[in-house]
Number of protein chains: 2
Amino acid sequence: MCDNIHIHGLKMPESMDEETRSQLCPVVYAVSKLGGKWKLIVVHNLIDGPLRFGELRRAIPDITQRMLTLTLRELEEDGIVNRHVFEVVPPHVEYSLTEVGQGLESVMSSLGDWGRANFAQKRNAVAQTA
Amino acid sequence: MCDNIHIHGLKMPESMDEETRSQLCPVVYAVSKLGGKWKLIVVHNLIDGPLRFGELRRAIPDITQRMLTLTLRELEEDGIVNRHVFEVVPPHVEYSLTEVGQGLESVMSSLGDWGRANFAQKRNAVAQTA
DNA sequence: CGGTATCCTGTACGATACTG
DNA sequence: CAGTATCGTACAGGATACCG
C-alpha cells in the first residue's frame, strides 16, 4: 500500500524521478519533500509572512548561511517557497510561501499543537497541573 | 520567539537537555522529536494499529533492520511508541502508538492531504484535469 | 523472529573565506 | 545584503554476520 523512500541519506532524488515519486503513498511523498534538514523550520518561519534572507538567519540562529541557502533553493525547486529579488542596492531578497507552501499551514499547526500538548505536560508535571 | 535545534546532523541530544528543549517553540520541539530519518514513516505505518517488527520491515522495504530498530528505540524513548514483547517462542514483538503517538494522527493526515493535493495536481496536469 | 555487534561509507552539515 | 566556493568532518545510515 505504501512503498518507501530514503528520507535522509536520501538516495531518492537520484534514483527516483518525479513520476515514480508520485506513485508513493501521499504521506511518504510529503515526507520526501519536507524530510530532514531545516525544511520544516524554514517553512514554519515563513508561515506568518515573507521574510528576508537575513531575517530568516536571525530567526534560526543555528543555521549556517550555506544551509539556509541550500534549504531555500530546495524548497524553491519543490514549489513550496517563492524567491522575490528586489533589484536595489543593497540587495533585497524576500522569501515567501507559495500556495503549495501555504497548504502546509495545517501541518504546521497540528505539529505545534502536538508539541505544545506534550512539552506542556512535562513542564507541568513537576510544577503544577492547573 | 523561536530558537533552533539541529534536526538532522543533530547536535541536539547531547548539547540540549529536556528542560532546554521544552523552552523551544512547540513546532521546533515537535520537529526535534520527529525530524530526520524514518520516524514519520514508522509512525505513519503504526497509525492503523499495532504491527510486528517484521511487518514493519516489510511495510518499509528500504529500511534496514538496524535503522528500524534504532528508530523504534528512539520513538520508544520519546514516549511515542509502545513495545510489547510476547514471551513466546518464536519471539513476538508488537509495536503500537502510545497516546502521545496517537496525537500525531492529525499531523499525519494533514501531511497526507498535502501530499495528495500536490502529487495529484502533477499527475493530472498531463493527463486530465477533471 | 527479532534483534545486536562490527565495520564501513556517503553526504549532510559546518567553518571559513570571498564576491556582485 | 545575500549570497557562492572550498574544504573538512561527524554521524546517519548501509552491509554483513552472529545471537537468544
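Lettering of chains follows the sequences in order, A, B, ..., and the numbering in each one begins at 1. Every heavy atom of this structure was used, including side-chain atoms; hydrogens, water molecules and symmetry mates were not.
Spacing between atom CD of A/Glu55 and atom C1' of D/dG3 amounts to 16 Å, rounded to whole angstrom units. Computed from coordinates, the B/Glu94 CD to C/dC1 P distance equals 15 Å when rounded to whole Å. Atom CD of B/Glu76 and atom P of C/dG2 are 15 Å apart (whole Å). Atom-to-atom, CD1 of A/Ile63 to P of D/dG3 comes out at 12 Å; the value is rounded to the nearest Å. The distance from atom CE of B/Met67 to atom P of C/dT6 is 16 Å, rounded to the nearest whole Å. Atom pair B/Leu68:CG and C/dC1:P shows a separation of 15 Å (rounding to whole Å applied). To the nearest angstrom, P of D/dT4 lies 8 Å from CG of A/Leu70.
Taken residue by residue, residues 84-91 of chain B places heavy atoms nearer than 4.0 Å to DNA chain C at B/Pro90, B/Pro91.
The shortest distance between the side-chain N/O atoms of B/Arg73 and the OP1/OP2 oxygens of C/dT4 is below 4.0 Å. An OP1 or OP2 oxygen of D/dC1 is reached within less than 4.0 angstrom by no side-chain nitrogen or oxygen of A/Tyr95. For A/Arg57 and D/dA2, the shortest distance from a side-chain N or O to OP1 or OP2 is not below 4.0 Å.
With D/dG14, C/dG2, C/dA15 as the choices, the nucleotide that has an atom nearest any side-chain atom of A/Thr64 turns out to be C/dA15. Among the nucleotides C/dG3, C/dC1, C/dG14, the one closest to the side chain of B/Arg83 is C/dG3. Side-chain proximity of A/Gln65 to the nucleotides D/dG3, D/dG14, D/dA17 is greatest for D/dG3. Closest to the side chain of B/Phe53, out of C/dG14, D/dG14, C/dG3, is C/dG3.
A 4.5 Å side-chain heavy-atom check between B/Glu76 and B/Asp78 finds every atom pair outside the cut-off. The closest side-chain heavy-atom distance from A/Gln65 to A/Phe53 is below 4.5 Å. By the 4.5 Å heavy-atom criterion applied to side chains, A/Asn82 and A/Leu97 are not counted as neighbours.
Taking the side chain to side chain contact (heavy atoms under 4.5 Å, CB included) definition, one finds that A/Val88 meets it with A/Phe86, A/His92, sequence neighbours left out.
The residue B/Thr69 sits close to a base: some heavy atom pair falls under 4.0 Å.
The nearest heavy atom of DNA chain D to A/Arg58 and to B/Arg66 marks one nucleotide each, and the one closer to the 5' end goes with A/Arg58.
Tested against B/Lys39, the residues B/Leu72, B/Leu75, B/Ile80, B/Val81 include a single side-chain contact (heavy atoms from CB on, under 4.5 Å) partner, B/Leu75. With respect to B/Trp38, the side-chain contact (heavy atoms from CB on, under 4.5 Å) criterion is satisfied by exactly one of B/Ile60, B/Leu56, B/Val43: B/Ile60.
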Please list every donor-acceptor pair under 3.5 Å in which a side-chain atom of residues 100-107 of chain A meets a protein atom from a residue at least two apart or in another chain.
none

